[in-house]
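Order of listing sets the numbers, starting from 1, for every ligand and every atom in it.
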Amino acid sequence: MLRGICPPARQMSSRDFPREPARDVVSTYCKEVRALGFRLLEAISESLELQGDYIEKMLGDQEQHMAINYYPPCPQPDLTYGLPAHTDPNALTILLQDGEVSGLQVFKDDKWMSVNPHPDAFVINIGDQLQALSNGRYKSVWHRAVVNSGKERISVASFLCPANCATIIPATQNGSSAIYRNFTYQEYYKKFWSRNLDQEHCLELFKN
Ligand SMILES: O=C(O)CCC(=O)C(=O)O
Ligand SMILES: [Fe+2]
């Protein structure tokens, strides 16, 4: 697995990326994905009856992390996972799946379901911060990656992350009370990685 951190857009420079010619491709991809993420955050804000820029403002100067996941073929796929079950700790994940080899599964209606690859589509995962910000109206989905006995698989995940100092405050509606207490992303991230990935939903530890 290869992980990279892209700084907030306005500080981005070509020095942040690997050497030519990959640099231009990766840099353009990061910028385009970030722009798509912001459009989605605007639509999600509006769906929650908030101002269009509400979530973007609340998340502050966002970092963008990119993970390139490589899953080699595995002779005994029943004995291991490519990635164990987890929710994403960030706000929103834009996942480019391998166009042909499946591997991603989501937990829905009490069972694991495969997300079939589609060459012309991204998979958008709601992360823990959007579940908290929306006061539980959007759900951060449990997902995992399984491996394949015959074929390798690659996925590219772009994680939109709040600024470390951003305070996440649940947006309550019609007098409902906040399910989660206020916390900083820094606090959440530390707690998230101090546990096993497939333990209970980390947000459970931030409930009021
Ligand atoms: O490889 C996949 O489809 C899932 C990747 C993922 O969930 C992650 O990187 O957080
Ligand atoms: Fe994930």
Side-chain angles (χ1 to χ4, degrees), residues 1-6 17-18 26 29-30 32-34 36-37 40-41 44 59 62-108 111-134 136 138-162 164 168 185-186 188-206:
M1 179 198 283
L2 181 70
R3 258 185 192 253
I5 300 182
C6 317
F17 298 103
V26 177
Y29 182 81
C30 285
E32 293 292 330
V33 157
R34 186 190 295 263
L36 171 64
L40 290 168
L41 290 179
I44 292 171
L59 299 180
Q62 294 182 61
E63 272 192 6
Q64 183 178 344
H65 296 194
M66 183 196 257
I68 301 178
N69 303 304
Y70 173 71
Y71 308 101
C74 172
Q76 291 182 289
D78 298 345
L79 298 184
T80 189
Y81 292 112
L83 260 182
H86 64 282
T87 60
D88 289 345
N90 50 297
L92 188 80
T93 305
I94 299 176
L95 183 75
L96 179 65
Q97 283 209 81
D98 189 296
E100 283 165 17
V101 186
S102 67
L104 176 65
Q105 297 186 333
V106 295
F107 197 66
K108 186 170 182 290
K111 55 179 185 288
W112 286 102
M113 298 173 71
S114 289
V115 179
N116 291 330
H118 193 303
D120 299 319
F122 288 119
V123 173
I124 309 296
N125 271 346
I126 299 294
D128 295 351
Q129 304 314 312
L130 282 188
Q131 178 165 332
L133 268 173
S134 68
Y138 277 84
K139 305 283 182 222
S140 171
V141 69
W142 281 100
H143 56 285
R144 67 185 185 187
V146 296
V147 283
N148 188 295
S149 62
K151 290 183 179 160
E152 61 183 14
R153 174 173 177 267
I154 292 179
S155 68
V156 180
S158 299
F159 306 100
L160 289 193
C161 310
N164 277 332
I168 306 300
Y185 187 54
Q186 190 169 33
Y188 191 85
Y189 203 69
K190 204 165 152 203
K191 177 64 86 186
F192 185 90
W193 290 109
S194 69
R195 348 140 14 250
N196 290 330
L197 270 189
D198 55 0
Q199 247 173 319
E200 67 183 339
H201 204 307
C202 186
L203 271 179
E204 291 293 310
L205 308 172
F206 289 79

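- Shown are V115, L83, V146; of these, the side chain to side chain contact (heavy atoms under 4.5 Å, CB included) with Q105 is made only by V146.
- Within the 4.0 Å heavy-atom criterion, the part of L83 lying near ligand 1 is the side chain and not the backbone.
- Counting only heavy atoms from C-beta outward, the side chains of R144 and F107 never approach each other to under 4.5 Å.
- A perpendicular orientation is assigned to the rings of W193 and Y189, their planes being inclined by more than 60° (bins at 30° and 60°).
- Note that the CG atom of L59 and the CG atom of L92 stand 9.5 Å from one another [nearest 0.5 Å].
- The Fe ion (ligand 2) is the vertex of the angle joining NE2 of H86 and NE2 of H143, which measures 90° to the nearest 10°.
- Within the 4.0 Å heavy-atom criterion, neither part of T93 lies near ligand 1.
- For ligand 1, the atoms sitting less than 4.0 Å from at least one non-hydrogen atom of F159 are 8 (C), 9 (O), 10 (O), numbered in the order shown with element in parentheses.
- Only one option out of T93, L36, L95 pairs with F122 in a side chain to side chain contact (heavy atoms under 4.5 Å, CB included); it is L36.
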Query - Chi angles and distances behind the side-chain hydrogen bond (donor to acceptor under 3.5 Å, both in side chains) call for N116, S102 - result: CA-CA 6 Å; N116 291 330; S102 67; 5.4 Å; no
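- The atoms of ligand 1 that sit less than 4.0 Å from any heavy atom of H143 are 7 (O).
- Contact analysis puts R153 in contact with ligand 1, with a non-hydrogen atom separation below 4.0 angstrom.
- Ligand-side atoms of ligand 1 in range of D88: 10 (O), range being under 4.0 angstrom from any heavy atom.
- When non-hydrogen atoms are compared, ligand 1 lies under 4.0 Å from neither the backbone nor the side chain of N125.
- In terms of distance to the Fe ion (ligand 2), the nearest N, O or S atom of D88 is named OD1.
- Within the 4.0 Å heavy-atom criterion, neither part of R144 lies near ligand 1.
- Taking a 6.0 Å sphere around OH of Y81, one finds it holds 12 or fewer heavy atoms contributed by other residues, nucleotides or ligands.
- Annotation: H86 places an N or O atom under 3.5 Å from an N or O atom of ligand 1; distance criterion only.
- In this structure, R153 and N148 have side chains that are not in contact, with every pair of non-hydrogen atoms separated by 4.5 Å or more.
- For ligand 1, the atoms lying closer than 4.0 Å to a non-hydrogen atom of Y71 are 1 (O), 2 (C), 4 (C), 5 (C).
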